[in-house]
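When a residue number appears, it is its place in the shown sequence, counting from 1.
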Amino acid sequence: MPSFATSALLVTAILLGAAAPVLPALAQSSKAPTAAPAPAPLAPPMKVPDYRGSLRDLVTGLSDYAKGRNARFIVLTREGLGLTVKEEREVKMEALLNPNPDPRIPVATTPLGSPHRRYVKAIDGVVMNDQYCVPVVDSTASVGFIRMLQDNGLSVLSVDHCETRQMVGTALAESRKNGVLAHVDMSPRGLDRVPTDPPTGENSNNINGLGEARNVLFLDGNAGYTTKDDLVVALGQTNWDMVVMDAFHRDRTPLTYADVRSLHQKKVGTRRLILARLDIAHARDTRYYWKNDWKVGSPDWIASPVVAVPGEYDVKFWDAEWRALVGKTFAALMDLGFDGVVLEGVDAYKPLEARIPLNL
């Protein structure tokens with residue numbers, strides 16, 4: 001097993017690629033000309049940051065590193081489905097960059113809605129939030145879009161929070177019909193304790209890949225347990241085929257290699273998948289890496305507080321220092337023996353793009 005330091009250096013080297021372009025300030029002069037002035041030079045064009053491109057680069061860089069170490073390591077993304085295809089904004093960007101194309105010169109481009117091949121090939125699947133326990137019009141993705149992702153080799157999972165047991169049953173039935181591996185619970189904010197009910201489709205099979213899992217448990221927190229050991233023991237008494245969890249108890253105390261190894265075993269003794277959660281676009285002041293004197297703008301990559309989540313901050317996910325921190329954490333998760341990682345915060349490009357509309 002590679003050392004933590006070696007792994008961190010390797011993945012950091014991969015991730016310190018190009019940063020997203022910034023918006024340059026356009027110089028303006030307040031002095032009026034006193035004589036016949038020379039023609040003013042054209043102002044440099046404003047560069048529109050490619051936020052979704054930066055996130056794609058970050059995800060594919062992590063995946064390249066992971067697959068280089070272990071081809072079977074699973075990389076999933078949670079939300080951010082727009083990164084899997086070419087969307088309308090990217091068509092508009094192409095028009096801005098090439099406003100008067102010469103019809104005699106063929107332009108290599110892909111049509112609207114086509115899969116982003118580099119990104120899709122880099123990941124193993126996607127996780128949707130709120131697909132089956134909401135009205136159909138509010139679902140995250142259409143059945144056709146889900147099928148397109150599956151046709152391009154991606155596994156599709158979902159995390160849903162229903163209000164009634166009847167809705168839970170309906171959600172599980174619909175997800176099975178769509179070929180979606182679903183976690184469904186009745187907690188509006190997600191689970192921070194292991195459910196006492198057995199998983200749907202409980203079995204004694206060995207689970208070595210995504211396609212073999214019949215059920216999945218997503219733990220969105222673990223504050224319901226006083227100690228890390230309590231959490232590990234609780235999970236050890238279950239037969240979930242796949243568990244997605246935080247690698248730190250209450251953001252501070254990390255699982256050990258021995259902990260993760262023990263979690264690979266179901267209560268019945270057969271193997272299951274254990275994946276770690278990793279947010280690549282938000283920082284939290286309770287995390288192991290946080291320093292007491294940090295605040296918005298210091299370090300520079302801390303962009304703004306997340307109003308709805310006290311203690312959480314949006315980050316400049318294209319910043320080299322932040323990418324190095326993400327890379328170090330990612331490498332450590334592999335060292336701990338996890339079967340894969342669920343990358344979260346992958347839809348962070350949306351509010352940033354909304355601030356710079358492209359009106360053509």
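W322 approaches A283 most closely through the heavy-atom pair CZ3-CB, 4.0 Å. Annotation for R272 and L263: closest pair NE-O, 2.8 Å, computed over non-hydrogen atoms. Scanning all heavy atoms of the two residues, the minimum distance from F338 to L255 falls at CZ-CD1, 3.9 Å. The minimum heavy-atom distance linking D347 with G80 is given by the pair CB-N, 3.7 Å. Taking every heavy atom of both residues into account, K267 and Q237 meet most closely at CD-O, 3.5 Å. The shortest heavy-atom contact between K67 and A122 is CE-O, 4.3 Å.
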* To do: Check the pair S54, D57 against side-chain hydrogen bond (donor to acceptor under 3.5 Å, both in side chains), reporting the backbone distance first and the verdict last.
  => CA-CA 5 Å; S54 292; D57 289 344; 5.5 Å; no
* **Stepwise salt bridge (Lys or Arg N to Asp or Glu O under 4.0 Å) check, D220 with R78** => CA-CA 12 Å; D220 281 321; R78 190 169 181 178; 3.0 Å; yes
* Asked: Passes side-chain hydrogen bond (donor to acceptor under 3.5 Å, both in side chains), R176 versus T200? Steps please.
  -> CA-CA 11 Å; R176 284 194 296 270; T200 300; 5.7 Å; no
* For R69 and D64, what are the C-alpha separation, side-chain angles and deciding distance, and is it a salt bridge (Lys or Arg N to Asp or Glu O under 4.0 Å)? -> CA-CA 9 Å; R69 278 184 60 176; D64 288 346; over 6 Å; no
* Does the pair E202 and R214 meet the rule for a salt bridge (Lys or Arg N to Asp or Glu O under 4.0 Å), with working shown? -> CA-CA 8 Å; E202 186 176 25; R214 298 183 185 177; over 6 Å; no
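In this structure, the separation between OG1 on T226 and CG on L231 is 11.0 Å, given to the nearest 0.5 Å.
Cluster annotation: M186 is not connected to V134 through the hydrophobic network of ILVMFWY side chains, with a link wherever side-chain heavy atoms come within less than 4.5 Å. A single hydrophobic cluster is seen to contain both F330 and W318, as judged by linkage of ILVMFWY side chains at heavy-atom distances under 4.5 Å, directly or through other members. In this structure, V346 is a member of the same hydrophobic cluster as Y313, with clusters built from ILVMFWY side-chain heavy atoms closer than 4.5 Å. Cluster membership for M245 and V75, using ILVMFWY side-chain heavy atoms within less than 4.5 angstrom, is shared. When the side chains of ILVMFWY residues are joined at heavy-atom separations under 4.5 Å, either directly or via intervening members, F317 and I280 end up in a single hydrophobic cluster.
A distance-only check finds a donor-acceptor pair linking the side chain of Q131 to the backbone of T140 [under 3.5 Å]. Put simply, the side chain of Y225 gets close to the backbone of V194: a donor and an acceptor are under 3.5 Å apart. The backbone N or O of H161 lies less than 3.5 Å from no partner atom in the side chain of Y132, so there is not a single donor-acceptor pair. Side-chain N or O atoms of E90 include one that pairs as donor or acceptor with a backbone N or O of E87 at under 3.5 Å.
In this model, no donor atom of one side chain and acceptor atom of the other lie less than 3.5 Å apart for H183 and D160. A donor-acceptor contact closer than 3.5 angstrom links the side chains of D241 and N203. Between D230 and T227, the side chains place a donor N or O and an acceptor N or O closer than 3.5 Å (distance only, hydrogens not considered). Residues R56 and T84 have side chains that never bring a donor and an acceptor to within less than 3.5 angstrom of each other. Of the N and O atoms on the side chains of Y257 and R261, not one donor lies less than 3.5 Å from an acceptor on the other residue. Using modelled atom types, one finds a donor on one side chain and an acceptor on the other under 3.5 Å when comparing Y288 with T329. Under 3.5 Å, the side chains of N222 and R250 contain no donor-acceptor pair of N or O atoms.
With a 6.0 Å radius and a threshold of 12 heavy atoms from other residues, nucleotides or ligands, K86 has its NZ atom above the threshold. Residue D293 places its CG atom among more than 12 non-hydrogen atoms of other residues, nucleotides or ligands, all under 6.0 Å distant. Open room surrounds NZ on K295; 12 or fewer heavy atoms of other groups in view lie less than 6.0 Å from it. The environment of R72 atom CZ is sparse: at most 12 non-hydrogen atoms of other residues, nucleotides or ligands sit within 6.0 angstrom.
Here Y119 pairs with nothing under the ring-ring contact (aromatic ring centres under 6.0 Å, His included) rule; sequence neighbours left out. When the side-chain contact (heavy atoms from CB on, under 4.5 Å) test is applied to V233, no partner is found at least two apart in sequence or on another chain.
W240 and F218 have their aromatic ring centers separated by at least 6.0 angstrom.
Test I207, D339, I274, L181 against M242 for side-chain contact (heavy atoms from CB on, under 4.5 Å) and you get one pass: L181. Between T77 and the choices D124, V127, L154, V126, the side-chain contact (heavy atoms from CB on, under 4.5 Å) rule is met once, by V126.
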In a table with atom names and distances, give each donor-acceptor pair under 3.5 Å that connects a side chain of residues 142-150 to protein atoms at least two apart or in another chain.
{"unit_1": "S142", "atom_1": "OG", "unit_2": "F145", "atom_2": "N", "d": "3.0"}
{"unit_1": "Q150", "atom_1": "NE2", "unit_2": "N178", "atom_2": "O", "d": "3.0"}
{"unit_1": "Q150", "atom_1": "NE2", "unit_2": "G179", "atom_2": "O", "d": "3.2"}

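Salt-bridge formation is detected for the pair R287/D246: a Lys NZ or Arg NE/NH1/NH2 atom is positioned less than 4.0 Å from an Asp or Glu carboxylate oxygen.
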